[in-house]
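Below is one structure; the comments refer to it alone.
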Amino acid sequence: MCDIGEIRDCICEEVHEEVVCKAKEKMPEDETLYDLAELFKVFGDTTRIKILYALFSSEMCVCDIADLLGMTHSAISHQLRVLKQARLVKFRREGKIVYYSLDDSHISQIFNCGLSHIQEIYNK
């Protein structure tokens, strides 16, 4: 009997061509997969996750986010720049104040899907 946590290599040498062809047909282009990997890297920082979570409530300026997270304006601005480049947040100016918000509804869907997965793991 094998250990549940142990991963075993396939001992057969038969390639299931139909399965491989089907997967190959559905596989996006390498450039698309690279871009997807880059998107997920952006989610790999706790500060950026906190900023996104904060922006679910309402749009906020750097001062608001810095106060909420107990961080400097500079640190928040840096993270917002990364989020803007990844098109996860957008901004609008009102006089001297710049307000940030989520770029579109996909961000909350991605976030909620990941959060749901984590909560499922904790409840197992």
Side-chain angles (χ1 to χ4, degrees):
M1 187 143 237
C2 73
D3 179 11
I4 299 287
E6 187 178 341
I7 297 175
R8 301 234 174 199
D9 288 332
C10 184
I11 56 173
C12 72
E13 294 191 23
E14 177 184 340
V15 173
H16 301 92
E17 289 190 34
E18 185 177 310
V19 174
V20 172
C21 285
K22 189 175 180 181
K24 192 179 281 189
E25 287 173 7
K26 292 184 177 190
M27 186 76 65
E29 296 291 324
D30 284 348
E31 184 177 337
T32 302
L33 293 174
Y34 174 82
D35 291 343
L36 181 61
E38 290 300 308
L39 173 67
F40 282 117
K41 283 181 188 178
V42 174
F43 286 102
D45 180 270
T46 305
T47 300
R48 290 191 290 266
I49 292 294
K50 288 178 182 179
I51 291 170
L52 290 170
Y53 199 81
L55 294 176
F56 288 152
S57 303
S58 66
E59 65 179 8
M60 298 176 129
C61 71
V62 172
C63 297
D64 297 334
I65 299 168
D67 184 67
L68 174 68
L69 301 183
M71 297 177 69
T72 65
H73 292 199
S74 175
I76 296 301
S77 292
H78 170 73
Q79 297 302 339
L80 284 168
R81 209 168 9 263
V82 172
L83 291 169
K84 274 192 321 191
Q85 288 173 345
R87 295 186 177 164
L88 296 175
V89 299
K90 61 184 177 183
F91 67 94
R92 70 174 181 85
R93 286 190 188 279
E94 193 171 291
K96 292 182 178 182
I97 302 173
V98 177
Y99 290 98
Y100 291 88
S101 61
L102 297 178
D103 191 74
D104 62 36
S105 64
H106 292 111
I107 288 57
S108 60
Q109 291 171 353
I110 294 166
F111 194 92
N112 289 334
C113 187
L115 192 56
S116 175
H117 178 71
I118 295 301
Q119 290 170 336
E120 182 180 298
I121 291 170
Y122 287 143
N123 292 328
K124 281 188 178 182

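Listed for the Ser77 side chain is a donor-acceptor partner under 3.5 Å among the backbone atoms of His73. No donor-acceptor pair under 3.5 Å is formed between the side chain of Arg48 and the backbone N or O of Phe43. A donor-acceptor contact shorter than 3.5 Å links the side chain of Asn123 to the backbone of Gln119.
A pairwise comparison of heavy atoms in Leu69 and Thr47 identifies CD1-O, 4.3 Å as the closest pair. Between Ala75 and Met71, the closest heavy-atom pair is CB-CE, 3.8 Å.
Pairs passing the salt bridge (charged side-chain N to carboxylate O under 4.0 Å, His left out) check and including a residue from residues 67-78, sequence neighbours excluded, do not occur.
The hydrophobic cluster containing Leu55 also contains Tyr53, counting ILVMFWY residues as joined when their side-chain heavy atoms lie under 4.5 angstrom apart, directly or transitively. A single hydrophobic cluster is not seen to contain both Val42 and Tyr34; linkage of ILVMFWY side chains at heavy-atom distances under 4.5 Å, directly or through other members, places them apart. The hydrophobic cluster containing Ile97 does not contain Val89, counting ILVMFWY residues as joined when their side-chain heavy atoms lie under 4.5 angstrom apart, directly or transitively. Cluster membership check: Leu39 does not share its hydrophobic cluster with Leu33, using side-chain heavy-atom separations under 4.5 Å among Ile, Leu, Val, Met, Phe, Trp and Tyr.
Within a 6.0 Å sphere centred on CD of Gln109, heavy atoms belonging to other residues, nucleotides or ligands number more than 12. Within a 6.0 Å sphere centred on NZ of Lys84, heavy atoms belonging to other residues, nucleotides or ligands number more than 12.
The NZ atom of Lys50 sits 9.5 Å away from the CD1 atom of Ile76 when rounded to the nearest 0.5 Å. The line from CD1 of Ile51 to CG of Leu68 is 9.5 Å long, rounded to the nearest 0.5 Å.
For Lys41, the salt bridge (Lys or Arg N to Asp or Glu O under 4.0 Å) test picks out Glu38, with sequence neighbours left out. Under the salt bridge (Lys or Arg N to Asp or Glu O under 4.0 Å) criterion, Arg92 pairs with Glu59, Glu94, not counting sequence neighbours.
Cation-pi geometry between Lys90 and Tyr100 is not met at under 6.0 angstrom from the ring centre and within 45 degrees of the axis.
Annotation: Tyr99 is not in aromatic contact with Phe91 [ring centroid separation under 6.0 Å not met].
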